[in-house]
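A, B, ... follow the sequence lines: proteins, then strands. Residue 1 opens every chain.
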Amino acid sequence: MPEGRLIALEGNGPELRVMAKRLAKSQGGGVSAWDASSIFFEMRRPDREVPAPSPRTLVLLYAADLAFRLRWEIRPALAEDQVVIAAPYVESAIAFGRAAGLPHRWLANLFQFAAKPSACYWMKSQTGGAAWMGKPSAGFLEFCCAFLNSGAPLWDSQALREKVRSYAESLERRRGCRILDDADSSL
Amino acid sequence: MSSSVSRKRLRELLVKQEEKRGYLIAFEGPDGSGKTTQRKLFKSWLESEGHEVVTSKWNSSPLIKPLVKARKAAHSLSPEEFCLLHAADFRYRLETVILPELWGGKMVIADRYVFTALARDAARGLELDWILNAYAPLFWPDVVFYFSVSPETSGKRIAATRSPKFYEAGQDVTDLEDPFVSYQKFISRCIQEYEALAKIFQFVTVDAEQSIYDQHKLIRKLFQQGRRRSLAEWNFDAVLDWRENVLASPEVRLA
């Protein structure tokens, strides 16, 4: 049975999209991007009358979107022996969940349905002040920051981003990923 | 605040809140079991007894329901997506309606609760442990009324009024074209799951083949005989999760 290669490219912001395209070109594969199911797009105009969803709810929605991507984009491509760049994949959601205080065990169990990638890279993101930060269209983490702050200001977006960055560094130390910057030409 | 201090303070708060809070009563059972009729009668009775009552229906959150509805109409949901979107809808309602209203002293009636997902998603072939994890941390209702009917009765009652919808009939997993035939097959699996859950989670089973009035009388009696589940004992993790991650402002967290 033919079997392709799944490469997870984790991270946030426009750099992730650029690197995903670069990787896909160099590896001769395709990209599976966040929100292919358009769940988050449909939620982008939040009715200010309704309370913001919690981090746990947002992670459940991410998992639903990932299930969609696996069914329609990732598994079919792998079955045809292709390379798929999943940008982002499981670890970005786990990083956000951990940053928001959700238990690792819950997160790991939730994403059990996702195929294990053969390699995992993490796109180093900017430290702060970028124009795209806080925009729901800029990626899952920014979507979450924007939504969590549409309610009462319980969440500090900058602190969430910092915790996500720490998670990536810790994952790299455990050899769970390799952190890349946009100048990285080794791939 | 350290984690152990916050846990200790929450435990004290839960004990203090116990007498002030409302009850959570879940109505469960297959389609056509008459639970909505009983839920309405029960709500009227509770109100006549002087309680403030709030109803939370399955898949009804203003944020997530439209997403689910559109995807159901397009028949585009896999069992995993079906489960995860309903879990998100449930979590949102739990955090924004059910828990705040209970905490404020109102009676909350849930027309379907987590057990609906356990029965339906398990009938769709998903593993029970994974489904339970998606709904964790679980907030246990004070009482779960389970309306028990045979697959035949459920099928007859549904067929008398309408044709079952695609997912209701389980056509996404049975691959049967006829919605009535598919419904019969799928509801049999759901009822099997429900019956197992009723034993594991000690539901209060109501024979839904009885007359509407007899069922209503029984529910009132069983409710009056029942007692609330201790928050600190049964629902500590779920309340902690809610207060730590959802409540509106830091000063009300464990204040």
message: Checking the side chain of B:Y92 only, and the main-chain atoms of A:P51 only, is there a donor and an acceptor separated by less than 3.5 Å?
response: yes

- prompt: Is there any residue in residues 77-90 of chain B with a non-hydrogen atom under 4.5 Å from a non-hydrogen atom of chain A, and which ones are they?
  reply: B:L77, B:S78, B:E80, B:E81, B:L84, B:L85, B:A87, B:A88

query: Should the heavy atoms of other residues, nucleotides or ligands under 6.0 Å from CZ of A:R175 be counted, would the total exceed 12?
result: no

query: Of all heavy-atom pairs between A:R56 and B:A136, which one has the smallest distance, and what is that distance?
result: NH1-O, 3.1 Å

field: Region of A:A63 in contact with chain B, defined by heavy-atom distances below 4.5 Å
entry: both

- request: Please check if atom CH2 in A:W72 has more than 12 non-hydrogen atoms from other residues, nucleotides or ligands closer than 6.0 Å.
  value: no

- prompt: Where on B:P137 is there a heavy atom nearer than 4.5 Å to chain A: the side chain, the backbone, both, or neither?
  reply: both

query: With sequence neighbours left out, what residues match A:D35 under side chain to side chain donor-acceptor pair (under 3.5 Å)?
result: none

message: Please determine whether the number of non-hydrogen atoms from other residues, nucleotides or ligands lying under 6.0 Å from atom CD of A:E169 exceeds 12.
response: yes

- prompt: Counting only N and O atoms by type, is there a donor-acceptor contact under 3.5 Å from the side chain of B:R71 to the main-chain atoms of A:S37?
  reply: yes

message: Using a 6.0 Å cut-off, check whether atom NZ of B:K72 has over 12 heavy atoms from anything other than its own residue.
response: yes

message: Under the side chain to side chain donor-acceptor pair (under 3.5 Å) definition, can you give me all pairs with a residue in residues 97-111 of chain A, not counting sequence neighbours?
response: A:N109-A:Q112

statement: chain B shares the most heavy-atom pairs under 4.5 Å, among A:L102, A:L61, A:T57, with A:T57

task: May I ask you to list the residues in residues 113-126 of chain B that approach chain A closer than 4.5 angstrom, counting heavy atoms only, ordered by number?
output: none

- prompt: About how many Å separate CG of B:N133 and CZ of A:F111, when rounded to the nearest 0.5 Å?
  reply: 10.5 Å

- prompt: Is B:Q192 atom CD crowded by more than 12 heavy atoms from other residues, nucleotides or ligands, each under 6.0 Å away?
  reply: no

- line: Cut-off 4.5 Å, heavy atoms of chain B, and the answer for A:P53 is both

Which of A:V59, A:L66, A:L60 touches chain B most, by non-hydrogen pairs under 4.5 Å: A:L60

- prompt: Is atom CD of B:E12 surrounded by more than 12 heavy atoms (other residues, nucleotides or ligands) closer than 6.0 Å?
  reply: yes

